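The structure appears right after this line, and notes come after that.
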2 protein chains.
Amino acid sequence: MKYMTNFTTLSEEQQQEISEGILIEEYKKGTHLIRQGDDPTIKCYFVLQGCVRQYTIDESGKEVTANFYTEEQAILTFTFQDLSQSSKYALTCLEDSIMVVGDFDTEKEMYNQYSELETMTRQMMEIYLGQAQNEFTAFISSTPEERYKSIMSKRPDLVTRVPQHQLASYLGITPESLSRIKKRMNQDKRRV
Amino acid sequence: MKYMTNFTTLSEEQQQEISEGILIEEYKKGTHLIRQGDDPTIKCYFVLQGCVRQYTIDESGKEVTANFYTEEQAILTFTFQDLSQSSKYALTCLEDSIMVVGDFDTEKEMYNQYSELETMTRQMMEIYLGQAQNEFTAFISSTPEERYKSIMSKRPDLVTRVPQHQLASYLGITPESLSRIKKRMNQDKRRV
DNA sequence: GTGCGGCATTGACTTAAGTTAAGAATGGCA
DNA sequence: TGCCATTCTTAACTTAAGTCAATGCCGCAC
């Protein structure tokens, strides 16, 4: 897979071998890959097509969207480390989706077989961690309106693909506020 | 080091060997470990004693605190991946501090020597990533006041160790707001 | 086709954060 | 010790987000 090539020094043949061990699955819209509180089915995904939402219901009963995953994004949620031994997040498909599915047991075997693969995973996680850091910092320092504008420019497809109230919960605001922000922005545009 | 034991299957002797290769440094309060825009000096730290602040100046000139690191915390900031080739964050000591300093070149050598070390690093990063995820989600769904209460309970030392305006910038609010939140909380307490 | 339920928008009202500015407290340093 | 700079608090005002409630709008099932 072309995605892999950027990260690794593995040979063509080795990449071929790994690719053959890979499992690709299709899921219908509305499918729960994992539910909150489930035993952690130690799995990870890579979205080839579709859209997956990661969310949690917090103590006060509010639903919080932690992320949306779309094409070419990996879903790595290491939530099971929590002593609780149950998943903190739920994953559901917002659309019919096609994904690469990996489970951590075969992953470990593969690490033994191809040590470069572990290096590659580590590097990917470093990048991930850096991105998470940057996103967090950006979130801290911005207002809801700025966050909406930011997502409009970085992931414009989300704004149309995803229900507004879920997008709002990802931006940390209420659906009403999101609605008003959009209204304000339209008015400003017209005025200019 | 006792911290390591929790993560690895390395033998005592091996841990001993690794520990000997480790560099420990002391820094005075106010020292910049790295400045924003510096060439990324590919280093990582582990705080034995003291307090380090990670921050960035954003486009609008506002200072944003991304994190505070205190005893027993590792500083892993993978910001250099940004094409920019310069560090997005600055790290400064808020107190006199003692830290383990690692640079990535010797780290790589050690990975070759002890492959378990890479596994250990990967596992630590998984946990890190999970924590970052959780912190982000918690941040999204909480008000400034809730965030302050949360930090009071999770890292009460920070509230006293760290300048208030820097704490405010970590909570995503202005110093004035933080001041008001504290005032409100005192009044509420007295009333009860 | 009709009706129902969930979703998006709008309005009125409350509340708290941002802004600006001023004063009080603190701490470092000569 | 005393001065200066920084930091923290307070106040008055503006603005936007939360809350509650009502309406309108699909989409889906029956």
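Keep in mind that this is a model prediction, so the values were computed, not measured.
- Distance CE (B:M185) to P (C:dA17): 12 Å, rounded to an integer number of Å.
- At a threshold of 4.5 Å between non-hydrogen side-chain atoms, the residues B:E126 and B:L129 do not count as touching.
- For A:K108, the salt bridge (charged side-chain N to carboxylate O under 4.0 Å, His left out) criterion is met by no residue, not counting sequence neighbours.
- Looking only at distances, no side-chain donor or acceptor of A:K88 sits under 3.5 Å from a matching main-chain atom of B:N134.
- When side chains are defined from C-beta on, B:Y148 counts as touching B:M185, because their heavy atoms get closer than 4.5 Å.
- At whole-Å resolution of the value, CG in B:L94 and P in D:dT6 are 17 Å apart.
- Using a 4.5 Å heavy-atom cutoff, the side chains of A:S142 and A:R147 are in contact.
- Residue contacts shown for A:G172 are limited to sugar-phosphate atoms, with no base heavy atom under 4.0 Å away.
- Contact annotation: A:T174 reaches the phosphate of D:dG18 (side-chain N/O to OP1 or OP2, under 4.0 Å).
- End-to-end axis angle of the helix from C:dG1-D:dC30 to C:dA30-D:dT1, using five pairs per end and rounding to 10°, comes to 40°.
- Here C:dA17 presents its P atom at 16 Å from CD1 of A:I140, a figure rounded to the nearest Å.
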Per-nt protein contacts along nucleotides 22-30 of chain C (heavy atom under 4.0 Å; B base, S backbone sugar-phosphate only, - none) come out as ---------
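- Residue pairs that meet the salt bridge (charged side-chain N to carboxylate O under 4.0 Å, His left out) test with at least one member in residues 159-177 of chain A, sequence neighbours left out, are A:E71-A:R161, A:E95-A:R161, A:D157-A:R161.
- The nearest whole Å value for the distance from the CG atom in B:L171 to the C1' atom in C:dG18 is 15 Å.
- Taking CD1 of A:I173 as the start and CG of A:L167 as the end, the distance is 7.5 Å to the nearest 0.5 Å.
- The side chain of B:H165 places an N or O atom within less than 4.0 Å of a non-bridging phosphate oxygen (OP1 or OP2) of D:dC8.
- Taken from CD in A:Q36 to CD in A:Q54, the straight-line distance is 10.5 Å, to the nearest 0.5 Å.
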Each nucleotide of nucleotides 9-16 of chain D classed B (base within 4.0 Å of a protein heavy atom), S (only sugar-phosphate) or -, in 5' to 3' order, makes BBSB----
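- Rounded to the nearest 0.5 Å, atoms CD (A:E25) and OG (A:S97) are 12.5 Å apart.
- Across B:T65, B:N67, B:T92, a single residue satisfies side-chain hydrogen bond (donor to acceptor under 3.5 Å, both in side chains) together with B:R53, and that is B:T65.
- Residue pairs meeting the ring pair (Phe, Tyr, Trp, His ring centres under 6.0 Å) criterion with at least one partner in residues 158-185 of chain A, sequence neighbours excluded, are A:F68-A:Y170.
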